[in-house]
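Worksheet: one structure, shown below.
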Amino acid sequence: MKVANKLQDVQLRIQAACKKAGRQPNEVTVIAVTKYVSTERAQEALEAGITHLGENRDEGLSEKWDKLKGEPVWHFIGSLQTRKVKNIIDKASYIHSLDRLSLAKEINKRTKQPINCFIQVNVSGEESKHGLSPEEVIPFVKQLAEFEQIVVCGLMTMAPLTDDEKVLRSCFKKLKQLQVEVQQMKLPHAPCNELSMGMSNDYQLAIEEGATMIRIGTALVGE
Ligand SMILES: *Cc1c(COP(=O)(O)O)cnc(C)c1O
């Protein structure tokens with residue numbers, strides 16, 4: 001199916017979720033996750049009106065960057081090895097996976113300008129998942145003050161792979177609650193206005209619970 005048709009469906013669902021939650025669709029940015037698909041398919045997404053693309057590996061980002069350059073706004077959404085920072089730092093406008101000080105230090109050293117970073121939180125506590133535990137988030141945000149180029153634009157999580165609405169909602173609610181806690185500290189380096197949560201399987205619920213950036217692969221660019 002064409003990306004344009006899939007996008008139409010996604011937009012209808014976003015509108016429905018926003019209506020349910022009393023929000024405006026323009027509060028929600030769609031990131032098309034292109035990690036499974038070709039550069040041509042990513043190009044098709046741009047032609048359909050998508051402006052934000054997400055990749056989870058430095059090779060994937062570099063390959064698509066060669067053709068698309070800075071035309072889309074790039075999001076790096078995968079776990080990031082410190083030694084790979086240099087490969088993505090001039091391409092990505094957002095990094096969704098900041099989860100340790102050593103990574104913050106390297107990002108801070110390599111970037112030429114302030115860069116928006118999401119702190120990845122492992123809300124559900126699954127061992128297979130990356131990210132800080134919820135208790136670690138506030139102390140970590142405070143420690144990031146020393147890295148003058150890092151802007152904590154928001155928090156990111158991946159919900160457990162389940163259809164259980166209760167489990168998903170509780171995960172999203174916890175991230176929202178943490179966001180409010182960070183915002184209340186009013187730290188200049190941590191405005192924390194964004195919530196990166198919601199994937200193909202659960203983005204409507206994520207929007208109802210306050211997502212401002214949703215990361216959609218399969219449902220948007222999958223073939
Ligand atoms: C792959 C991926 C997505 C998109 O997953 P879909 O289920 O295909 O929508 C979103 N976020 C992250 C971090 C991913 O790795």
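Whatever order the structure lists them in is the order used to number ligands and atoms, beginning at 1. For reference, positions follow the sequence shown, starting with 1.
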> Strictly under 4.0 Å, does any heavy atom of Ile216 approach an atom of ligand 1?
Replying inline: yes

>> If we set the cut-off at 4.0 Å for heavy atoms, which region of His96 has an atom near ligand 1: side chain, backbone, both, or neither?
In response: neither

>> Can you report which non-hydrogen protein atom sits closest to atom 6 (P) of ligand 1, along with the distance?
In response: Ser200 OG, 3.4 Å

>> With a 6.0 Å cut-off (strictly less than), is the heavy-atom count around CG of Leu161, excluding the residue itself, greater than 12?
In response: no

> Hey, quick one: are Leu98 and Leu178 part of the same hydrophobic cluster, counting side-chain heavy atoms closer than 4.5 Å, chains of contacts allowed?
Replying inline: yes

> How close does the nearest protein non-hydrogen atom get to atom 5 (O) of ligand 1, and which residue and atom is it?
Replying inline: Met199 CE, 3.5 Å

>> Going by side chain to side chain donor-acceptor pair (under 3.5 Å), Thr212 matches just one of Glu27, Arg23, Glu194. Which one?
In response: Glu194

> Which protein heavy atom lies closest to atom 13 (C) of ligand 1, and at what distance to 0.1 Å?
Replying inline: Ile77 O, 3.5 Å

> Only one of Lys84, Lys86, Lys91, Lys64 clears salt bridge (Lys or Arg N to Asp or Glu O under 4.0 Å) with Asp58; which?
Replying inline: Lys84

> Are the side chain of Ser124 and the backbone N or O of Ala159 linked by a donor-acceptor pair below 3.5 Å?
Replying inline: no

>> I need the atoms of ligand 1 closer than 4.0 Å to a non-hydrogen atom of Thr218, numbered in the order shown.
In response: 6 (P), 7 (O), 8 (O), 9 (O)

>> Hydrophobic clustering (ILVMFWY, side-chain heavy atoms < 4.5 Å, transitive) - are Tyr94 and Leu220 grouped together?
In response: no

> Quick one: do Phe140 and Ile95 end up in the same hydrophobic cluster if we chain Ile, Leu, Val, Met, Phe, Trp and Tyr together by side-chain heavy atoms under 4.5 Å apart?
Replying inline: yes

> Taking both backbone and side-chain atoms of Gly217, is any N or O found less than 3.5 Å from an N or O belonging to ligand 1?
Replying inline: yes

>> My understanding is that we take every heavy atom of each candidate and find the minimum distance to atom 1 (C) of ligand 1. Doing that for Lys35, Lys129, Glu55, which one comes out nearest?
In response: Lys35

> Numbering the atoms of ligand 1 from 1, which are under 4.0 Å from a heavy atom of Arg215?
Replying inline: 4 (C), 9 (O), 10 (C), 11 (N), 12 (C), 13 (C)

